[in-house]
**Student:** 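Below are the structure tokens for one structure; questions will follow.
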Amino acid sequence: MALDTSTVHAPHFMTGDEWQIPTFALLRQDGTLYDGAEAPELSQDKALRIYRAMRFTRVLDERMLAAQRQGRLSFYLQCTGEEASVVGATAALQDDDMIMAQYREQGALAYRGFSIDEFMNQLFGNALDYGKGRQMPIHYGSAEYHYMTISSPLATQIPQAVGYAYGQKLDEEGRCTITFFGEGAASEGDFHAALNMASVHQVPVIFLCRNNGYAISTPTSEQFAADGIAPRAFGYRMHVIRVDGNDLLAVYQATLAARRIAVEHNKPVLIEAMTYRLAAHSSSDDPAGYRSQQEEAAWREKDPLARMRHWLERQGWWDEDQERQQEEQLRGEILAGMKRAEREAPPPLASLVSDVYDQVPPALAEQLAALEAHVRRYPDHYPRGAAGLDDAATQGGQ
Amino acid sequence: MALDTSTVHAPHFMTGDEWQIPTFALLRQDGTLYDGAEAPELSQDKALRIYRAMRFTRVLDERMLAAQRQGRLSFYLQCTGEEASVVGATAALQDDDMIMAQYREQGALAYRGFSIDEFMNQLFGNALDYGKGRQMPIHYGSAEYHYMTISSPLATQIPQAVGYAYGQKLDEEGRCTITFFGEGAASEGDFHAALNMASVHQVPVIFLCRNNGYAISTPTSEQFAADGIAPRAFGYRMHVIRVDGNDLLAVYQATLAARRIAVEHNKPVLIEAMTYRLAAHSSSDDPAGYRSQQEEAAWREKDPLARMRHWLERQGWWDEDQERQQEEQLRGEILAGMKRAEREAPPPLASLVSDVYDQVPPALAEQLAALEAHVRRYPDHYPRGAAGLDDAATQGGQ
Amino acid sequence: MAHINMLQAINQALDVAMQSDPKVICFGEDVGSFGGVFRATSHLQEKYGKARCFNTPLVEQGIVGFANGLAAQGHKAVAEIQFADYIYPAFDQIVNESAKFRYRSGNLFDVGGLTIRTPYGGGISGGHYHSQSPEAYFAHTPGLKVVVPRNPHQAKGLLLASIRDPNPVLFFEPKRLYRASSGEVPEGNYQLPLGEAEVVKVGRDLTLVAWGAQMPIIEEAAELAEGEGISCEVIDLRSILPWDRDCVADSVFKTGRLVISHEAPLTGGFAAEIAATIQQRCFLYLESPIARVTGLDTPFPLTLEKEYLPDALKVLEAIRASVNF
Amino acid sequence: MAHINMLQAINQALDVAMQSDPKVICFGEDVGSFGGVFRATSHLQEKYGKARCFNTPLVEQGIVGFANGLAAQGHKAVAEIQFADYIYPAFDQIVNESAKFRYRSGNLFDVGGLTIRTPYGGGISGGHYHSQSPEAYFAHTPGLKVVVPRNPHQAKGLLLASIRDPNPVLFFEPKRLYRASSGEVPEGNYQLPLGEAEVVKVGRDLTLVAWGAQMPIIEEAAELAEGEGISCEVIDLRSILPWDRDCVADSVFKTGRLVISHEAPLTGGFAAEIAATIQQRCFLYLESPIARVTGLDTPFPLTLEKEYLPDALKVLEAIRASVNF
Ligand SMILES: Cc1ncc(C[n+]2csc(CCOP(=O)(O)OP(=O)(O)O)c2C)c(N)n1
Ligand SMILES: Cc1ncc(C[n+]2csc(CCOP(=O)(O)OP(=O)(O)O)c2C)c(N)n1
Ligand SMILES: [Mg+2]
Ligand SMILES: [Mg+2]
């Protein structure tokens, strides 16, 4: 109830235009700090771990998009251009804080140590994929790395992150949850539900919006009329900061501070990372239909990897040679991993019915039995299914 | 994209606490204006029309709650305490602007001229009810008075109002839509969807939130953490005003101004009317379980009817006598109307299947035929259905 | 044993669950200090504190989204949706998320700790937004369990089993019976099995199947039929998903006739699934067509709800028609 | 007549609709200048302006809420949901609002001008969130019409009829056939009736029923069966709600056997409704149990989607089993 706030006697309408939300930035593109800016404490080791994750993500994206173009992969989706937002935020967390991402955050997994094989098994949906070949490429998940399996329906993870963080608060182990999402997903009702519940129930959650300018073809000007996502925080009396999302140091520092607010005070925080989706939305998309090359070029000038590399070089922690070596090494490892994953068998036929429930219910077991019998009758018609029959090994495969 | 706003180099979090949203008020409880306040232009006729609607609503609420207590009515829900918010806003509109209300806005219908019989037929769900006895009491609707039939699921009307207003904008006839809702309903995802779409698509819609302190038993402190609903407008760069909802003149004036913004500039406006649900949530509720008598008493001191009456008296437009006469007259008319409605027949049996589609599909016609045959077999068991058979009249009713 | 009504039994089940497992958390609109609009969560906040039993903001998609996350984190989230008619804003969180959480992650993550309680059904002058029976929507959704109790004893035992079941469960409470149904209920802790139907009355000539609020109706119909010399076997499905096909089929093998009843509209209601399955399993045993006695293919009405509802007389007519086929 | 694919036919239908009626408005995620992720709305913004064809923010509940209001106001709102898998956030607006709008107001107001278009179905390596067939959820919802075309000619005629039908229509587009299905389509304006099935092939021994993307599958199965001397009558339901019971029943009176196929999971799928209705209407004519060939009772998979899908071989097996019963 706000009746005790000041009273006025003329009808004045506000719009919020009165207040600008500034952008927090530390690093210029050439790797120097802005005047008055101070770099966060960051050891050489950690800085290089961060940079490696960014570079890994970039190389992975390039290789896998190429693989998709060659028809080796059905689908791919790049993080390209947004590595600083994703890796910077992840690096500011504890490694066992929970991550509930949208789909463009492979950098977070890379930072935490998800292996090339783990990436590849998911991308190729083979028998070793944790997800048992059930979801499209890029729907990673890892219990070990506290990375919730990706779900395609947008924004559903945002209120889930609030519930997850509420559980963490009850457990009193000083952990928090971060949820990543795009500025498009922030239009969903689930976003509003999540922010409101988080602020009412005071949970340790960080909402990180990657404002990358587009939701597929839809520019932000057709997504919202306001100055970005940040001002929505005022509607929930939530801590908010806008940050240059291509500036690793700024994202890192903002998230460090946000984590403190979340964990020490059980207060949610919204971070809006201003960035740009340098690539197409996904391998199914061609942005030429909806945005200009000039615009893309202007943003390529702000490449977060280059910016970070310049900073590392100025620190004396990195050089041209190391860069080349790392890139080659990553490329080689990724190609080798891809080949290994391609050679793996598909998931067994029985994986079609497991995990629907903790146990396979009798009716579903019957459906599987009927399917098995059918596949045995027509093994040539269902090569994958035949390969994945229980007795496929003894039959010598298919 | 907001990267061109100012850049800062230290991580400062904002919460919006920096800015207070004041409450616009004109009238003191004793009927005098605040210092510096100016009353809107309001003819005596119009002022009395407004007051009559407020008083009608109050008397209707009292009588129908009593009828519910006597078991004559299955359910009732009062506007009591919020008459100024509802009638004030409605009076500021054109009579053919669209109203899409929640359920506590019978004052709007009263202002527009919905007759006692029309109210009663709905409340008693008889054959004359426009809704054909299909919805619970208080789910009024009127095409004539541009009042969309009430729907129980909360907040669904809010994005609908945006679509309706978009259609009005296309028609270019200078009309707008107002949608009423509670501060509880504003937690729904549909609220967020509606405000965002309204500001993106620039539609002439007024969102009027009745912040009455409670959603059933849930106080606003457990509904949101922010200073009311108003600051949410900043997230959509939407015009917003907070108004004393028990102050008819302020609500009227704010809505007049809002309508101008909406219709002349195709811009949506949010109005937060600070008020109080003086009655129980509905006839099924007893607020003694969740709020104090002191709190209620304090708000009873702010009764919007008394405040308006004092102002009218100071204008020399109203007196004790007129007040008593009006009340008696209304009471008598309402009681007479109630008796008429109770005597009406129930809707015909065939009304069970009409209006599901524009035409009754064959399968549904068969279902009705089977039901009719069944009711004919056991007429004593289904007195209403038997009374509503096609041939009931010739049978002499049942 | 105490003689209590269904609301009290549900309240006891929640109490026992919270008492026996500190991971159980109850929340929803008005469920906190007020104890819910039907008072199913009375006194729980008092006993277990605001952190474990609380009001949420008014947003069903948020309630279930939050519950999914809380369950994924390892808690047992017991969410209340105030009326089943208001569960649809949470449909995406239930159908795309709860139901697929374990499967899509290959069992890395699950929301098995989730239970959604919600009052459903008509006969209380609720019109079309306080009377719906939406169980069939969820029964078409692999990954969910759907449970409906018929009386206080069943309600307590099935709710305890639902909360502890390692899968997400939708628990539909027949609100018409909240106070109307009472009976002996064991104190303390017990569970009844999910996925198993119960033969409530053994019979010879015809099988009657229903669940929840429709059980007293078909039991009454069975009695009326008994008076006409027709012996009905009465089955309470209890779980709609997974449902006990063997129990129903075994009965129909014996009786050769089947009548199913639910309040939801006919088309696409869960009786369709039962009929489709049983006509296949019992094809050579069926002596008459399987009949469905259900709500009309319309929204739920108000003034004429008695006419709309599938009552004992309508079931009796279907029994007669089946026997005289 | 021109030989075009289904996407082009849909685009033509929208073009004709907008051309012939200024009240027709098309919108949804990415449908504006980009023309939709499948390009079904290509060039419409160019032709009819931003006010009549536009992008919406990314919020399905808002899209349908807005569409309901726009339709109630008197426009013909044609909303696109990008994938049927993402229709659930709008479930409340569809099931509680669109479906009940006319009924609850006693015909004072209606949203008859509403059409929701959405691509559905599997076979495109889409995993469980780009492959679903949710038609049965909506078929259990009186007040809606549910339409599914099988080829370009049908798509254009049925979509035009849907847009002009005075009731809210869900129009499910089989995305696997968007480009795979092509054929002769009349230029300009024409309509095909809603609620009427079509006998696509006359047969003697067994009736096959499906809709949309499953039609080529059962047609292929019918051909395979033909090779074995089994003559199948092939029916395209076209409308799921209301559905053409007479057409199916008349066929089964003749053939005595029925196989129904859909991609959605078995339990609670729309085949259940057809089976339940037909076993009752054709009880004395049935020579074998009605069979359903459907998806498994699981979420939609990816790597093994070929194994999951109800293909022509599986339908053929069901045909044989039915004939040899
Ligand atoms: C509920 C839902 N609606 C629609 C989609 C289809 N879709 C996938 S990604 C996308 C755009 C998302 O944009 P944004 O949130 O800004 O994330 P970005 O791709 O820019 O990282 C859309 C519309 C979806 N996955 N889920
Ligand atoms: C979607 C939905 N959820 C829950 C309810 C049950 N319900 C009816 S009124 C109400 C409280 C509404 O509070 P508010 O919006 O503040 O309006 P007020 O009653 O105070 O006018 C609730 C929870 C409903 N009608 N619809
Ligand atoms: Mg984006
Ligand atoms: Mg309120």
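First the proteins, then the strands, lettered A, B, ... as listed; each starts at 1.
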**Student:** Look up atom CD in B:Glu38 and atom NE2 in A:His9, then write down how far apart they are to the nearest 0.5 Å.
**Tutor:** 13.0 Å
**Student:** How many angstroms lie between atom CZ of A:Phe13 and atom CG of B:Leu270, to the nearest 0.5 angstrom?
**Tutor:** 10.0 Å
**Student:** Would you name the heavy atoms of A:Asn196 and B:Ser187 that are closest together and state the gap between them?
**Tutor:** ND2-OG, 3.4 Å
**Student:** Please state whether the rings of A:Trp19 and B:Trp19 are parallel, tilted or perpendicular, taking 30° and 60° as the class boundaries.
**Tutor:** parallel
**Student:** Ignoring hydrogens and geometry, is there a side-chain-to-backbone donor-acceptor pair from A:His192 to B:Asp190 under 3.5 Å?
**Tutor:** no
**Student:** Specify the closest pair of heavy atoms between B:Gly235 and A:Ala226, including all atoms of both residues, with the distance to one decimal.
**Tutor:** O-CB, 3.2 Å
**Student:** Just wondering, do A:Met14 and B:Pro22 contact through their side chains at under 4.5 Å, heavy atoms?
**Tutor:** yes
**Student:** Keeping to residues at least two apart or across chains, list the salt bridge (Lys or Arg N to Asp or Glu O under 4.0 Å) pairs with something in residues 258-271 of chain A.
**Tutor:** A:Asp97-A:Arg259
**Student:** Give the member of A:Ile261, A:Leu26, A:Ile229 that has the highest number of heavy-atom pairs under 4.5 Å with chain B.
**Tutor:** A:Ile261
**Student:** Which atoms of A:Glu188 come close to chain B, meaning under 4.5 Å heavy atom to heavy atom: side chain ones, backbone ones, both, or neither?
**Tutor:** backbone
**Student:** If you compare all heavy atoms of A:Phe224 against all heavy atoms of B:Val200, which two are closest, and at what distance to 0.1 Å?
**Tutor:** CA-CG2, 3.4 Å
**Student:** Restricting to non-hydrogen atoms, name the atom on A:Thr7 and the atom on B:Ala25 that form the minimum distance, rounded to 0.1 Å.
**Tutor:** CG2-CB, 3.6 Å
**Student:** Looking only at heavy atoms, what is the nearest atom pair of A:Pro11 and B:Phe24, with distance?
**Tutor:** N-CE1, 3.5 Å
**Student:** Less than 4.5 Å to any heavy atom of chain B: does that hold for the side chain of A:Ala257, its backbone, both, or neither?
**Tutor:** both
**Student:** To check you understand the geometry: which heavy-atom pair defines the closest contact between A:Ala225 and B:Tyr236, and what is its length?
**Tutor:** CB-O, 4.0 Å
**Student:** Counting only non-hydrogen atoms closer than 4.5 Å, does B:His12 touch chain A with its backbone (N, CA, C, O), its side chain (CB onward), both, or neither?
**Tutor:** backbone
**Student:** One thing to verify: whether A:Asp227 and B:Arg237 come together as a salt bridge, which I'm taking to mean a side-chain N less than 4.0 angstrom from a carboxylate O.
**Tutor:** no
